[in-house]
Amino acid sequence: MNEIIIRTNQLSKKFKEEAVISALDFSVAQGEICALIGKNGAGKSTLFKLLSGRFFPSAGTLQLFGQSGKQLEQARKRMSFMIESPQFFAHFTAQQNLEYFRIQRGIPAKHRVEEVLKIVDLADQKKKKFKNYSLGMKQRLGLALALLSNPDCLVLDEPVNGLDAQGINKIRTLLKKLNQENHITILISSHILAELQLLATRFVFMDQGAIVGNLTQTEFKQKVRKQINLRIDDPSKAAQLLERGLPDIEYRVFPDGWISIQNHLEDSGSINQLLTQNGLVIYEMRIEGSNLEEYFLDLVEVNEA
Amino acid sequence: MINYFHSELFCLLRNKALYIISGICLFLVTAAAFVLYYSQKSVPQFPYGYTGFYYSNVLSSGIGIILIGFMFGLFLTGRKMDIAGQAISFGIPRKTVFWSKFILSLAGFVLLCSISILLLLVLGENLLNHQDYTVKMLLIAFINMLPIILAGFTMGFVLNILRVKETYNLLTLIIIFGLSGQLVQMLFHYIPGLKQLYRYFPSGLLDENLTDYINQTVSFNSPAWMIGILLTVGCLVIGQQIFTKKDL
């Protein structure tokens, strides 16, 4: 089993008397791209700030790379955080800003600044002041900072916020590459769930400061994959006909007259024909499936109900 | 700590405001000397063209000097505290952040004060009449001011790093280092045992130092040092305690 990079145990955070994070048990293993999904105010940024040491927990414990307590400061040197909007000196150029952090982090290689600027396509804009950067450029500079110290784990809060489609694509490709080639563990949050669906290997769903769902990409695909749902007057006869006509068919019969067929999605016309030609009445027939966004919204709805 | 210190130095040296404020301070010291010098030359029997008057104007600017120190503290704190959050998330201890910022901004402030005093002496001694005021008297008066200014600088720095709003911060400094003596004097004027209490408050100590200099009776003032050190250490201890436990 892979090493656990991030582990929280009953982690809680209260502001005055309001609990923003409640008894959170959560872990991220080495090599994962874990997507943290939640509405605004779900507690994602607070969790990130707790991980980064900017906030102190009200209760519970936190482990990073197996370290806890005072050792967390050492463990954090192997991580990079980009939380909310990137913070830089407005009157400094991109290069000066990264140079400031390079000195701070004790990175001896001066060329590292140039390298990370190239990675995020800002090398030709390095002399421009941060205050004159567009939102997308600021985000990319934030990513450059996150990569500056060659971390083993990246924690990214809304890293593609403000980027155009091309920029988003580039960041996705970059993060995948970092994960696959450099084995960097990534914990990421974004409101662009379609993007997370393409990127993450695991999804953790948060609502009202608690985890309401946690599943791998494979489990997710299993749960939300497309299927043909049909409501029919005689489901048992339909089942016999389907088995005879399509021997490798995967289906389930439900007591309320519904049959759901998991494969042969492209044969919906033939299935319709097979059943109606054998005298069965189809009341409803539709191809259904959900994406990450729909799955999340359903989950939140159930949780809030 | 050394890496963090270096990075803060990198930031401080590239701060335009540092140079602008330093330039304004040195300009004011120079301009005052030249105004007195030329007035003395052009106005017959001009009464203020002597070192005592020139120096006493600087000695009376205690709160002004503290406010310049407050701005020096702001260069490395203020809005930049979000950037300090980045350092903390990289595992840099909060104590390192606190002390590096304090030491560096204090060093900058001390350097400016030292240059200003040197300039003041060079201009005063070369351009103006001396009367009975000696450089020794001035230096003793500055030594008496030093702990109070340090306390003011420290309090401003601590309030800044703890993200107290700049307006409240300024008001606190003005009240404690500009008005506390007068306020206490008004409050306890009619209570015989506490009548002299105002003399031990920062602004009271600064005022007394100025009066003693003008009267040419200035001598080393140990209460100023005790109160200044007490305030400085108190602010630093409390400030560090709060900062190391504060959500950023």
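Treat the numbers as computed from the prediction; the structure is a model and nothing was measured. Every chain is numbered from 1 and lettered A, B, ... according to where its sequence line falls, protein lines coming before strand lines.
Between B:Phe10 and A:Tyr100, the angle of the ring planes lies from 30° to 60°, which puts this pair in the tilted group.
The minimum heavy-atom distance linking B:Asp247 with A:Phe15 is given by the pair OD2-CE2, 3.9 Å. When all heavy atoms of A:Phe56 and B:Thr244 are compared, the pair lying nearest together is CZ-O, 3.1 Å. For the pair A:Gln104 and B:Ala87, the tightest heavy-atom approach, listed with the atom from each and the gap, is OE1-CB, 3.3 Å.
The cationic atom of A:Arg105 (NZ for Lys, CZ for Arg) lies less than 6.0 Å from the six-membered ring centre of B:Phe90 and within 45° of the ring axis.
Within 6.0 Å of the NZ atom in B:Lys246, the count of heavy atoms belonging to other residues, nucleotides or ligands exceeds 12. Other residues, nucleotides and ligands contribute at most 12 non-hydrogen atoms within 6.0 Å of the NZ atom of A:Lys129. Under a cut-off of 6.0 angstrom, the local environment of CZ in A:Arg172 is crowded, with over 12 non-hydrogen atoms contributed by other residues, nucleotides or ligands.
A distance of 6.0 Å separates SG of B:Cys11 from NE2 of A:His91, quoted to the nearest 0.5 Å.
If you measure heavy-atom distances from A:Ser80 to chain B, you find no contacts under 4.5 Å at all. For B:Lys16, the part lying under 4.5 angstrom from a heavy atom of chain A is the side chain only. Neither the backbone nor the side chain of A:Leu72 comes within contact range of chain B; no heavy atoms are under 4.5 Å apart. Residue contact with chain A, scored on non-hydrogen atoms closer than 4.5 Å, involves the backbone and the side chain of B:Ile92 alike.
The backbone N or O of A:Gln87 lies less than 3.5 Å from a partner atom in the side chain of B:Gln86, making a donor-acceptor pair. A donor-acceptor pair is defined here as one N or O able to donate and one able to accept, closer than 3.5 Å; such a pair exists between the side chain of B:Arg94 and the backbone of A:Arg54.
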So B:Ser7 and A:Phe101, side-chain contact (heavy atoms from CB on, under 4.5 Å) or not? Walk me through it.
CA-CA 7 Å; B:Ser7 68; A:Phe101 285 106; over 6 Å; no

Going through the distances and angles, do A:Ile103 and B:Tyr4 end up as a side-chain contact (heavy atoms from CB on, under 4.5 Å)?
CA-CA 7 Å; A:Ile103 298 167; B:Tyr4 188 76; over 6 Å; no

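The choice from A:Lys49, A:Arg78, A:Lys13 that makes the most heavy-atom pairs within less than 4.5 Å of chain B is A:Lys13.
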